[in-house]
Amino acid sequence: MKLHEYQAKEIFARYGIPVARSEIASTPAEAKSAAERLGGKVVVKAQVHAGGRGKAGGVKLVANAAEAESAAAGMLGRNLVTHQTTARGVPVRKVLIAETTPIATELYLAVTVDGDARAPVIMGSRAGGMDIETVAAEHPERIIRVKADPSYGIWPYGARDMARALGFPPKLVREAADLILNLYRVFVDNDCTLAEINPLVITTDGRVVAVDSKLNIEDDALFRHADLKALADPEQQDELQRRAEAAGVKYVKLENGRVGCMVNGAGLAMATMDITEKAGTPPANFLDVGGSANEDRIAEAFKLLVSDADVRAIFVNIFGGILRCDIAARGVVQGARESGSRLHIVALLRGTNAEDGRRILADSGLKVTFLDDLSQAGAAVAATLPAQGARR
Amino acid sequence: MSVLVGKNTRLLVQGLGREGSFHAGRCRAYGTNMVAGIHPGRGGTRFEDSVPVFESVREAVDATDPNVGLVFVPAPAAADAIVEQIDAGLPLVVSITEGIPVLDMVKVRAYLEGKRTRLLGANCPGVITPGEHAKVGIMPGDIHKPGRVGVVSRSGTLTYEAVVQLSSLGIGQSTCVGIGGDPINGTSFVDVLKLFEADRDTDAVVMIGEIGGTREQEAAEFIRSMKKPVIATIVGQTAPPGRRMGHAGAIITGKAALASEKIAALKAAGAHIADSPADIGKVTREVLGHQD
């Protein structure tokens with residue numbers, strides 16, 4: 001789950017991380033009065049769950065309160081499209097009005113879990129402001145990584161070493177080390193998957209300030225963070241994604257796909273995508289209905305698939321275990337009925353109650369091609385697909 | 001023989017809720033010797049009118065001497081259950097539970113250091129040795145067939161798919177091991193490959209990997225030194241970067257996490273690659289054919 005910059009900033013401030021003074025605004029008038037209180041010259045920042053705001057016009061430096069008002073008016077109520085969003089973009093409901101920070105040096109600082117190291121790692125770089133993936137790909141030597149002890153975390157001396165390695169001048173090392181320790185505490189206390197400051201700024205007057213703030217919270221840990229759960233903003237998600245989450249299925253939309261895939265199990269779902277792709281009929285999505293799906297969940301998953309306008313055929317690949325094939329088949333029939341879909345379905349049903357499942361689909365009146373094993377899948381899916389671009 | 005579980009397995013099951021009870025029953029029906037159950041508030045009762053249920057792992061260990069623990073405890077309390085089994089000295093702990101917070105697994109993994117316990121999972125289907133009627137997990141027992149091919153996988157249903165392909169070609173399995181789909185788990189590909197390499201009842205190994213992390217590359221390094229052939233497939237070739245594909249660990253975060261990189265590493269190490277996951281059985285048959 002992603003937090004907005006302003007929400008993360010409030011958490012940073014609670015943990016003693018120095019942040020620029022700021023106020024949140026939902027209307028241009030609020031933006032104007034906030035800018036007045038902050039001295040006029042401010043930065044107006046669109047609050048969206050996507051990176052790349054700057055280049056997309058979602059971050060504006062303005063000289064006075066009137067300009068802040070018009071910048072806010074240009075953002076609020078509209079969708080912001082960045083390289084990380086879909087072509088439709090994400091809605092801007094709030095803008096952050098922040099005082100400007102006189103920048104001498106920009107750095108990057110983040111905490112994440114490194115599965116290979118089996119521990120949290122703190123990453124820092126002097127190449128702040130840049131896209132960290134680009135730095136990692138082109139100049140991995142510029143990223144300093146400090147592995148935390150899984151039980152203890154990180155000791156102050158480790159944070160001081162890191163601050164020195166990042167080039168903080170001697171008189172700022174202690175302050176920078178405290179910031180590193182505090183960011184680590186934010187990460188652990190809130191079960192983050194990412195706690196990031198980009199850029200972390202050394203100001204011309206020798207202060208250290210977190211100019212941006214990004215926190216992603218682990219969904220699996222939300223059960224112990226009711227306070228964070230309340231900060232969710234589902235409107236920032238793509239509609240299909242939001243419906244998938246509400247239905248309890250794991251769904252990832254793929255660009256330019258044509259075959260809607262419904263599978264149980266993540267590995268089998270990926271295998272199904274790969275096979276579909278190899279057959280020359282690209283998959284439109286990853287979809288794992290999960291082990292404990294019931295008819296309603298399967299029906300909702302089916303409706304999700306067919307509401308993707310790119311989808312021209314459906315591939316249902318269920319290996320019955322906890323999830324029985326007859327339940328899956330009933331869910332598919334229900335989903336097709338409720339959505340009015342006439343799409344051709346290729347079905348591979350194995351395991352628990354597979355025969356019942358096949359009979360339910362065969363009797364449904366839907367157009368279904370049954371498979372006996374996975375090796376037939378590619379050809380069967382390709383054969384059911386109308387010529388490229390054909391309408392349903 | 002076989003690896004990890006067999007006819008000497010004495011199973012303890014922790015978490016006898018709806019799913020735990022169902023699968024514990026299936027394990028017993030397959031022939032696994034379940035000696036104890038753990039469920040809060042049910043100490044002193046019997047599971048299926050025969051297996052004693054205890055309040056704590058320690059009590060169960062003292063009374064029934066289990067050597068494998070199976071964890072069905074829900075995610076919020078699963079790390080605690082795993083550690084309770086580690087502290088009770090169980091040599092093998094298998095955690096089925098999906099969705100354990102990663103920072104909990106960071107601690108569990110560190111806690112395992114220097115202990116005698118091997119942890120399998122979490123978020124895995126478990127382990128089965130068909131020739132010895134030992135099933136410790138949630139996989140459908142009837143698709144398996146006794147034989148001499150070991151299977152190790154990060155996935156659940158895709159493992160069943162591979163097993164069906166093998167069994168339908170008459171290729172039986174020595175042991176099938178799920179290591180789980182989480183980024184931090186107890187047992188790696190390399191750990192299981194070592195067991196199979198040393199196992200007298202295994203002739204070849206099918207390895208099913210996926211995008212994310214670098215464990216397949218570590219496996220490739222070990223495969224270089226193996227005498228037994230390894231048939232490998234990697235799924236997620238069509239996955240977009242930066243998106244989690246169901247499994248918490250299945251996410252492309254850098255070049256090494258790509259399917260193509262893993263396949264290249266495995267191929268270079270001498271593994272036989274099934275380019276399509278539909279060809280796992282076929283490639284295995286070819287490889288075994290060449291062995292004779």
Side-chain angles (χ1 to χ4, degrees), chain A residues 84 113-116 118-120 133 136-137 148-151 187-188 191-193 218-221 223-224 250 252 254-255 257 263-278 282-283 286-288 290-292 317-322 350-352 373-378, chain B residues 19 22-23 75-76 98-107 109-111 125 138-140 143 153-161 164-165 168 181-184 208 210-215 233 235-240 243-250 254-255 259 275-279 282:
Chain A
Q84 288 187 4
V113 169
D114 181 337
D116 293 327
R118 300 184 173 107
E133 281 87 16
D149 179 87
S151 314
F187 179 85
V188 171
D191 274 296
C192 298
T193 55
E218 191 187 14
D219 293 338
D220 286 337
F223 69 86
R224 56 190 175 204
K250 289 168 181 160
V252 177
L254 305 175
E255 294 306 317
V263 190
N264 65 326
L268 192 58
M270 282 187 272
T272 302
M273 284 162 45
D274 291 353
I275 287 169
T276 309
E277 173 83 21
K278 275 188 212 302
F286 167 96
L287 194 158
D288 172 11
S292 53
N317 186 4
I318 301 292
F319 207 115
I322 314 173
R350 275 98 40 92
T352 316
D373 65 60
L374 199 56
S375 68
Q376 306 165 331
Chain B
E19 285 198 12
F22 174 79
H23 288 291
E98 179 176 5
I100 302 178
V102 67
L103 287 177
D104 287 5
M105 285 310 295
V106 163
K107 286 185 190 139
R109 177 67 213 209
Y111 194 75
I138 60 173
M139 66 290 282
I143 60 172
S153 172
R154 277 167 74 178
S155 158
T157 47
L158 180 57
T159 312
Y160 313 159
E161 166 63 40
V164 164
Q165 290 181 28
S168 71
D182 283 353
I184 296 177
I208 300 165
E210 60 192 36
I211 54 164
T214 56
R215 299 277 174 243
T233 197
V235 296
Q237 299 176 36
T238 44
R243 302 296 303 274
R244 187 154 292 178
M245 307 303 280
H247 286 156
K255 193 159 171 267
D275 286 323
S276 163
D279 294 339
K282 205 177 77 183

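In what follows, every chain begins at residue 1, and chains take the letters A, B, ... in the order their sequences are listed. From a predicted model like this one, the values you see are computed outputs, not experimental measurements.
The CG atom of Leu158(B) sits 8.5 Å away from atom OG1 of Thr272(A), with the distance rounded to the nearest 0.5 Å. To the nearest 0.5 angstrom, Ile275(A) atom CD1 is 10.0 Å from Thr238(B) atom OG1. Expressed to the nearest 0.5 Å, how far CG of Leu268(A) lies from CD of Glu161(B) amounts to 6.0 Å. Separating the OG atom in Ser375(A) from the CD atom in Gln165(B) is a distance of 7.5 Å, to the nearest 0.5 Å.
Electrostatic pairing of Arg224(A) and Asp104(B) counts as a salt bridge here, judged by a charged N lying under 4.0 Å from a carboxylate O. Between Glu98(B) and Lys250(A), at least one side-chain N (NZ, or NE/NH1/NH2) sits under 4.0 Å from a carboxylate O, which counts as a salt bridge.
Asp116(A) places a side-chain N or O within donor-acceptor distance of the main-chain N or O of Thr214(B), the cut-off being under 3.5 Å. With hydrogens and angles ignored, the 3.5 Å screen pairs no side-chain donor or acceptor of Asp274(A) with any backbone N or O of Val235(B).
Taking chain B as the reference chain and counting heavy-atom pairs below 4.5 Å, the highest number among Gly290(A), Cys192(A), Gly320(A), Gly265(A) is found for Gly265(A). Among Arg154(B), Arg215(B), Glu210(B), the residue with the largest count of heavy-atom pairs under 4.5 Å with chain A is Arg215(B). Of the residues considered (Asp219(A), Val263(A), Val252(A)), Val252(A) shows the highest number of contacts with chain B, using heavy-atom pairs under 4.5 Å. No other option in Ser168(B), Gly99(B), Ala239(B) has as many heavy-atom pairs under 4.5 Å with chain A as Gly99(B).
Residues Pro183(B) and Asp114(A) fail the side-chain proximity criterion, which asks for heavy atoms closer than 4.5 Å. Taking 4.5 Å as the limit, some side-chain heavy atom of Val113(A) sits within range of a side-chain heavy atom of Leu103(B). Here the side chains of Met245(B) and Met273(A) are in contact, with some heavy-atom distance below 4.5 Å.
Using a 4.5 Å cut-off between heavy atoms, Asp373(A) makes no contact with chain B at all. Contact of Ala269(A) with chain B is not made at all, since no heavy-atom distance falls under 4.5 Å. Interface remark: Pro76(B) contributes backbone and side-chain atoms alike to the contact with chain A (heavy atom separation under 4.5 Å). Looking at Ile208(B), neither its backbone nor its side chain comes within 4.5 Å of chain A, counting heavy atoms on both sides.
Residues Thr157(B) and Asn264(A) bring no donor and acceptor atom of their side chains to less than 3.5 Å of each other.
In terms of heavy atoms, Pro101(B) sits closest to Phe223(A) at CG-CE2, 3.6 Å. Closest heavy-atom contact between Pro240(B) and Leu254(A): CD-CD2, 3.3 Å. Across all their heavy atoms, Val102(B) and Glu218(A) have their closest contact at N-OE1, 3.0 Å. Arg118(A) and Val106(B) get closest at one heavy-atom pair: O-CG1, 3.9 Å. Nearest heavy-atom pair, Lys278(A) versus Asp275(B), reported as atom, atom and distance to 0.1 Å: CE-O, 3.2 Å.
In this view, Phe319(A) and Tyr160(B) satisfy the ring-ring contact (aromatic ring centres under 6.0 Å, His included) rule, not counting sequence neighbours.
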